[in-house]
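A quick write-up on the structure given underneath.
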Amino acid sequence: MLLSIRRVLVAAAFAAALQAQGSGGCACGTDPPGPPKDRELRPYANTPEDLRPYGKFTVPYDEFYVKQVEYNGAARDVVTLKPKDVEEVRIGFLGPIENHPDEALGRMMLNGALLAIEEANARGGYGGTPFRLMVHNDQALWGASSNEIVKMAYDDKVWAMLGSLGADSTHIGLRVSLKTEVPIVNSASTDPTSPETIIPWYLTTIQDDRVQSYTLARRIYTDLGLSKVALLRVNDRYGRFGILKFKDAARRLGHPVTIEQKYLPGATDFKRSLGIIADSNADAIVIWGDQAPAAAILKQMRELGMKQRVFGSFRTIGAGLLDAAGPAAEGMEAVFPYDPNRDDPAWTGFRARFAKRFDRQPEVFASLAFDTMNVLLDAVCRAGLNRGKIRDALAGLESYKGVTGGMVFDPNSKNIVPMYLATVSKGTIQYRRYGMEKPYATVGEGGVVYAGPPVADAPSGPLRLVVFGPAANRAASSAEVRAVLEPLGGRYLLAPVDADKPWGQASSALVNLLYQGNAVGIIAVGRNASHLAEQLSAKAFVPVIAISADSALTAVNLPWIFRLPADAALEDAVGAMTAAAEKAGPNRGRLRDALAASGKFDNRGEPRE
């Protein structure tokens, strides 16, 4: 099976290479970045003061992991090969792709890496020389995994590698890299001790269990004020190491974990553990595991009548949880590395390309593997075919913008960007940025209200509503929209503004409609159009209904913005706006109040349905 996978990957790599046209922008090491500059980041991992070890009692005389990891070897002095010197540029991959409990996750991780390789080859590869992915299976056995990594280094002669999903194999890879001087990039293992080995050949793009645990602790103990928390985790290395930092955070915040229960991988019956947790009078449960057991736990909690709030690590949340748990998942919260509901072009374009290539949507392991492989390929292109210089390019990376969003790397080459908090609400998952820091102030808990001067009525006649978005003319004249307006007897006119035109023209058209055309409301479709409309609403005092997945629109405490989900139809927004206008009359201020009181939005302007 593994041999057939390799043959498919080799064929795909060379097929993509045939499309290569020139260098496609790869610098091929013509101007390598050189050794990374010395830098420090204090405190380590941006740990908040109240979560630092012994932070309430003393200041350490020294701190580890705050300075740039040094490499003083001779790898960068080896001759850098040119594109003409090699027939292919080999990149290693280690992941659980067969005969492994996590092989479904490993295959998605492989798909993400493969797509990055194929697209790089379509752009010209390494100066016309194709990249080739050398795939090795992570068998979950220390000896077998170490053999695969050694094969990559000495037999395949890879320039760098991506892997693995499990922390045990990643640690083995680190030890081998110290001997073979092969750079390793990681997109899946969250073990915080991996970069703490101070081995200078490692970069990780996923926030580790320290960041995840501290974020969860902040939410549970500081934000929600809960005090009795139980842990229910898988009894393997992921669960065992994952909860250690949460237990540390709970203790430092004055609420040691009430009870810890564990289950074996593959378990399906959790009622005994749940009964013990119920007897402990815990206020909340933190699950550290995967989606399938998390879904079973939630369903069995409901069967037992348990009402505790439930939180989870990043591997507990996703479409699989919703499908398996159904209504039992309502209200669950978990940390997550990025916001998969974003509608920016880089993310939506990647999702479309991935779905076309693999006939499924990318999940977290595929998406992060795609970004991480691109980080690595970019380092190879900047540094050239020299392992030491590739290492320098990776170690000098301070930030990166990928399809999953922005990343920020500390001196240990690990991503420490704040995480997202995922919440299951009405059968969907909503995401919002949520940091580890204790807020110095709280804003907007009581909702957003308009407290400005009264707004003048619009002139008599039909009320004008702006429709701002891509292909606005076609959308505004659709049969569905006309069906909403026809019963209203011509009291409303839609003024479409095409968001596909240059932004200067679009903004001028909007300003004219608001100040000269006396439009009383805006319906904006898509993230970009919604943000521009939001800025104008603050100046012109005009209500906006934004059809977008970007919850940041309502995070600025602006009383004029109301959001509908990205899958909402334009006629739904037109119906909501006209229904409110029927009650408010020709006045933007009263229209805003009617929208706020309509029951369709919460007190921040977020959708209730």
Side-chain angles (χ1 to χ4, degrees), residues 448-499 501 505-526 529-548 553-554 558-564 568-601 605 607:
V448 185
V449 297
Y450 174 64
V455 180
D457 286 354
S460 60
L463 297 182
R464 183 167 291 160
L465 304 175
V466 178
V467 176
F468 179 41
N473 280 289
R474 184 172 69 250
S477 60
S478 70
E480 293 80 5
V481 172
R482 291 200 307 270
V484 174
L485 295 177
E486 285 174 1
L488 300 175
R491 293 194 293 277
Y492 301 92
L493 297 176
L494 298 187
V497 176
D498 194 346
K501 65 173 63 176
Q505 296 179 25
S507 60
S508 296
L510 284 171
V511 168
N512 288 336
L513 284 167
L514 293 177
Y515 286 97
Q516 298 175 18
N518 297 306
V520 297
I522 301 175
I523 299 171
V525 182
S530 297
H531 276 280
L532 179 57
E534 180 181 48
Q535 295 177 43
L536 292 175
S537 74
K539 178 70 174 177
F541 293 171
V542 60
V544 175
I545 294 180
I547 302 177
S548 171
L553 287 161
T554 58
L558 187 66
W560 300 97
I561 189 82
F562 301 88
R563 190 177 71 83
L564 289 176
L570 177 61
E571 56 267 23
D572 295 335
V574 173
M577 187 74 81
T578 54
E582 288 291 287
K583 298 179 180 179
N587 184 283
R588 294 174 180 174
R590 294 197 302 271
L591 176 56
R592 179 259 164 217
D593 293 342
L595 284 170
S598 67
K600 294 182 178 295
F601 310 95

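Keep in mind that what you see is a predicted model, and the values were worked out from it rather than measured.
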Quick one: list whatever passes side chain to side chain contact (heavy atoms under 4.5 Å, CB included) with [X], sequence neighbours left out.
| X | value |
| --- | --- |
| Q535 | none |
| A540 | L514, Y515, V542, R588 |
| S508 | none |
| A483 | none |

* Over 12 non-hydrogen atoms of neighbours within 6.0 angstrom of NZ in K501 -> yes

* Asked: Does some side-chain heavy atom of W560 sit less than 4.5 Å from a side-chain heavy atom of V544?
  ->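 They are not in contact (no side-chain heavy atoms under 4.5 Å apart), so the answer is no.
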
Spacing of [atom1] belonging to [X] relative to [atom2] belonging to [Y], to within rounding of 0.5 Å:
| X | Y | atom1 | atom2 | value |
| --- | --- | --- | --- | --- |
| Y492 | L485 | OH | CG | 9.5 Å |
| I545 | K600 | CD1 | NZ | 9.0 Å |
| E571 | T578 | CD | OG1 | 11.5 Å |
| I522 | L532 | CD1 | CG | 8.0 Å |
| M577 | L595 | CE | CG | 5.5 Å |
| L570 | L494 | CG | CG | 7.5 Å |

* Structure fact -> Tested for side-chain contact (heavy atoms from CB on, under 4.5 Å) against V520, the lone hit among V466, L591, V455 is L591

* To do: Would you please name every residue forming a side chain to side chain donor-acceptor pair (under 3.5 Å) with S537, sequence neighbours left out?
  => none

* side chain to side chain donor-acceptor pair (under 3.5 Å) partners for N587, two or more places apart ->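 In terms of side chain to side chain donor-acceptor pair (under 3.5 Å), with neighbours along the sequence ignored, N587 is linked to D457.
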
Applying salt bridge (Lys or Arg N to Asp or Glu O under 4.0 Å), can you list everything that pairs with [X], at least two apart in sequence or on another chain?
| X | result |
| --- | --- |
| R592 | none |
| R464 | none |
| R482 | none |
| E480 | none |

* Structure fact -> So the salt bridge (charged side-chain N to carboxylate O under 4.0 Å, His left out) pairs with at least one residue in residues 487-497 (sequence neighbours excluded) are R491-E582

* **Nearest non-hydrogen partners of I561 and L553, listed with the distance** =>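 Scanning both residues completely, I find the closest heavy atoms to be CG2-O, 3.6 Å.
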
* Applying ring pair (Phe, Tyr, Trp, His ring centres under 6.0 Å), name anything that partners F601, two or more places apart in sequence or on another chain. =>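 If we apply the ring pair (Phe, Tyr, Trp, His ring centres under 6.0 Å) test to F601, skipping adjacent residues, the hits are F562.
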
